[in-house]
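Written out below as structure tokens is the structure these notes cover.
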Amino acid sequence: MDFIVKGTLEAVKALYNADLKESDINLQETRKEFEGEVTVVTFPLTKLSRKSPEQTGNEIGEYLVNNLNEVAGFNVIKGFLNISVTDSFLLNAFTNNISQEDFGKIPSAGRKVMVEYSSPNTNKPLHLGHIRNNLLGYSVSEILAANGYDVIKANLVNDRGIHICKSMLAWQKFGQGETPESSGLKGDKLVGNYYVIFDKEYKKQIDELKAQGQTEDEAKKNAPLIKEAQLMLQKWEAGDDEVISLWKTMNSWVYAGFEVTYNKLGVNFDKYYYESNTYLLGKDIIDEGLEKGVFFKKEDNSVWIDLTADGLDEKLVLRGDGTSVYITQDLGTAELKYKDFGVDESIYVVGNEQDYHFKVLFLILDKLGKSWAKGLYHLSYGMVDLPSGKMKSREGTVVDADDLIQEMIDTAKQRTEELGKVEGFSDEEKEKLYRMIGLGALKYFLLKVEPKKRLLFDPNESIDFQGHTGPFIQYTHARICSVLNKAGSKGAASPAIKSLTATERELILSLSKYIETLEIAAREHSPAQIANYVYELAKLYNKFYHEEPILKVEDLQVKDFRLALSSATASVIRKAMKLLGIEVPEKM
RNA sequence: GGACUUGUAGCUUAAUUGGAUAGAGCAUCUGACUACGGAUCAGAAGGUUAGGGGUUCGACUCCCUUCAAGUCCA
């Protein structure tokens, strides 16, 4: 609707002799209860016209009708100038653009972006919180790619540290040689079990020590198990053969397990980073910062940065004994990523508990004068909570990723069978369909909410398959496919069509908004924008479907046009859902 | 102690970034040519946008303050 903005600028120039920028024109969609498609808000223009909002609207409206072929008419309500565009304008847009196969394709911007997501610990299986992370990361990658970016999906695996030593130690002591093969357990589950066992045994020891008169803090430090775990970490850092070998073995179990979950979720990565390779990075950046006077040393030799001028605190970047803190290695890893790929932008998909951390990290890199620091972005998302509060793997109050996925598939199966809709499906096709619908429901459920909002998940309330859901949109797609199949044609936009029904107009307008939605989703790093858009589109199509006959309509040109409209809708649904990582079936 | 985020119908949520009577879905109630696929559609009911104050033509949106939930920093 660019031409409305340009026309309004001309009108303001001609009528009031004022020069405005495009951004000064406040354009919005016309509300359903009024006639028209686009609305110019004229309140701000009254300063130029020195007339009432109504008069200003009428004058501009007159100008537009007289000067723009595409404008059919207008009405003014208070400070709102509602403009109706002509049917032929909409039909042209549909024929020349929307109905084309490559509609929605944005040419390459020649920019490279890295999206780091998932980034799991190797001591426990993935849970619902990780699912949100993975879906967000994957979807944002798809959205950026659709916007013409060259995208690198990265996974920074936290494969070292005290937590994995705990699992290793517990396995050594209590595992009796259990392996994924011997137990039939998924590798990540097996390792996770030992992490829990460690915690139980550790707590026992703490209780014993407390019974002997030690305080809680003392007991936590003195328990033999924790000391052993710390010793193991030291051995790991020293490269002890036995420890390294066990570490490699157990991690390989975990990776095999993760791979299964990633496949089920349909996410993947172009590049894996491992903390065991990166945890020592960053120390040269500390030196660089000291030289540049960005950092300073305290008496105990620890290195700090003073961020009080930026409204933050003093922040430790290297300990007095020369060992790293989290931010040390993150500084190093950021630089490594840039060296590896020369990305223009780098996105970190990490929970909002690390908001402060990333604020500091990016600020430091900026102060160090890194040219690429302004391209860093923390895609912060809210935690997934249960009604009982936070999920804690050590206490077993987690919604396991594999279990949840399976439940969703089972529910999809049950629903579909109840509805008796899989006649003529082979067993393989059925399995594929159940998986598609179950995951569609799950993914849509998680992605339709703005990332930064916290998500409450009640395991006792099943995820819906009706209404504002993934299956609703999948159903709409299948329904369109069914119509097209029956017709045996994808239709064609006929130039002979003279007029459109109200719903046809709405549908074309909705389709035309796909590209700007794509751009907004990329700018805001928000799959929710796509999710809500495609729902609106599907809803509108169903309305159209009920109101207007397609196959039964006598006029063949109208029939052909409606088929083309259906086909274009299916196509946009398919493209939009793909951005969410959701597949759509042709029958369901 | 300091900082950040969130708070919208019973529940899950949207609002073009300051615009019209705050828009949907679930649940509840009422309807839909014996259907081009009823996982759908049409309608009813449901709101002091956590509370209070301010800014202006106009506030869910910006500012101040109180409350609630969550998180981070040493």
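It should be emphasised that the depicted structure is a prediction, and the values quoted were computed from it without experimental measurement.
When the salt bridge (charged side-chain N to carboxylate O under 4.0 Å, His left out) test is applied to A:Glu35, no partner is found at least two apart in sequence or on another chain. With sequence neighbours excluded, the residues satisfying salt bridge (charged side-chain N to carboxylate O under 4.0 Å, His left out) with A:Arg505 are A:Glu37, A:Asp87. A:Phe3 meets the ring pair (Phe, Tyr, Trp, His ring centres under 6.0 Å) test with A:Phe89; sequence neighbours excluded. For A:Phe295, the ring pair (Phe, Tyr, Trp, His ring centres under 6.0 Å) test picks out no residue, with sequence neighbours left out. Remark: A:Lys578 engages A:Glu142 in a salt bridge (charged side-chain N to carboxylate O under 4.0 Å, His left out) (not counting sequence neighbours). Partners of A:Phe43 under the ring pair (Phe, Tyr, Trp, His ring centres under 6.0 Å) rule, at least two apart in sequence or in another chain, are A:Phe80. Under the salt bridge (charged side-chain N to carboxylate O under 4.0 Å, His left out) criterion, A:Lys513 pairs with A:Glu29, sequence neighbours left out.
For the ring pair (Phe, Tyr, Trp, His ring centres under 6.0 Å) condition, the pairs that include at least one residue of residues 554-588 of chain A, sequence neighbours left out, are A:Phe94-A:Phe561. For residues 443-458 of chain A, the pairs satisfying salt bridge (Lys or Arg N to Asp or Glu O under 4.0 Å) are A:Asp385-A:Arg454, with sequence neighbours left out.
Here the separation of B:A50 from B:A15, taken at their P atoms, is 15 Å to the nearest Å. B:U61 sits 16 Å from B:U21 when the P atoms are compared, rounded to a whole Å. Nucleotides B:C33 and B:A59 are separated by 47 Å at their C1' atoms, to the nearest Å. Straight-line distance between the P atoms of B:U49 and B:U40: roughly 31 Å, to the nearest whole Å. For the C1' atoms, the distance linking B:A24 with B:G37 amounts to 24 Å, nearest Å. Only the C1' atoms considered, B:A9 is 28 Å distant from B:U71, to the nearest whole Å. For the P atoms, the distance from B:C67 to B:G10 is 25 Å, rounded to whole Å. Comparing the same atom, C1', in B:G53 and in B:A69 gives a spacing of 24 Å after rounding to whole Å.
Nucleic acid contact class of A:Ala487 (heavy atoms, under 4.0 Å, all strands): none. Across all strands, A:Met383 comes closer than 4.0 Å to no nucleic acid atom at all (heavy-atom distances).
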Yes or no on side-chain hydrogen bond (donor to acceptor under 3.5 Å, both in side chains) for A:Thr469 and A:Asp464, after CA distance, side-chain angles and deciding distance?
-> CA-CA 7 Å; A:Thr469 66; A:Asp464 277 324; over 6 Å; no
Pair A:Asp310-A:Lys315, salt bridge (charged side-chain N to carboxylate O under 4.0 Å, His left out): steps then yes or no | CA-CA 12 Å; A:Asp310 298 280; A:Lys315 177 81 183 173; over 6 Å; no
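In this entry the distance linking CG of A:Asn352 with P of B:A3 reads 18 Å, nearest Å. Distance CG (A:Leu361) to P (B:C73): 14 Å, rounded to an integer number of Å. If you measure from atom CG of A:Asp313 to atom C1' of B:C72, you get 10 Å, rounded to the nearest angstrom. Put simply, CG on A:Asn542 is 13 Å from C1' on B:A35, counting in whole angstrom units. To the nearest angstrom, P of B:G58 lies 15 Å from CD of A:Glu54.
Rounded to the nearest 0.5 Å, atoms CD1 (A:Ile405) and CG (A:Leu439) are 6.0 Å apart.
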Every protein N/O lying under 3.5 Å from an N/O of nucleotides 10-13 of chain B:
none

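Figure legend. B:U5 is base-paired to B:A69; pairs are counted as Watson-Crick or G-U wobble with both atom distances under 3.5 Å. The partner of B:G25 is B:C11, by the rule that a Watson-Crick or G-U pair needs both atom distances under 3.5 Å. Searching all strands for a Watson-Crick or G-U wobble partner of B:C62 with both distances below 3.5 Å returns B:G54. A 3.5 Å limit on both hydrogen-bonding distances identifies no Watson-Crick or G-U partner for B:U48.
The side chain of A:Tyr535 sits closest to B:G25 out of B:G38, B:A39, B:G25. Relative to the side chain of A:Lys452, the nucleotides B:G37, B:C41, B:U5 differ in distance, and B:U5 lies closest. Checking B:C41, B:G37, B:A74 against the side-chain heavy atoms of A:Phe472 singles out B:C41 as nearest.
Only A:Tyr545, A:His546, A:Glu548, A:Pro549, A:Ile550, A:Leu551, A:Lys552, listed by number, bring a heavy atom of residues 545-553 of chain A to less than 4.0 angstrom from any atom of RNA chain B.
Between A:Lys587 and A:Glu429, no side-chain nitrogen of the basic residue sits less than 4.0 Å from a carboxylate oxygen of the acidic one, so the salt-bridge criterion is not met.
Sequence order on RNA chain B of the closest nucleotides to A:Ala538 and A:Leu312 puts A:Leu312 first from the 5' end. Mapping A:Gln354 and A:Ile437 onto RNA chain B via the closest heavy atom, the residue that lands nearer the 5' end is A:Ile437.
Residue A:Lys486 has a polar side-chain atom (N or O) positioned under 4.0 Å from OP1 or OP2 of B:G37.
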Which nucleotides of nucleotides 17-23 of chain B have their base under 4.0 Å from a protein heavy atom (B), which only their sugar-phosphate (S), and which neither (-), written as one string 5' to 3'?
-> B-BBS--
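Residue A:Thr476 places no side-chain atom within donor-acceptor reach of the base of B:A39, judged by atom type and a 3.5 Å distance cut-off alone.
Applying the 90° cutoff around 0 to the glycosidic angle, B:U17 is assigned syn.
A:Tyr377 and A:His525 have their aromatic ring centers within a separation under 6.0 angstrom.
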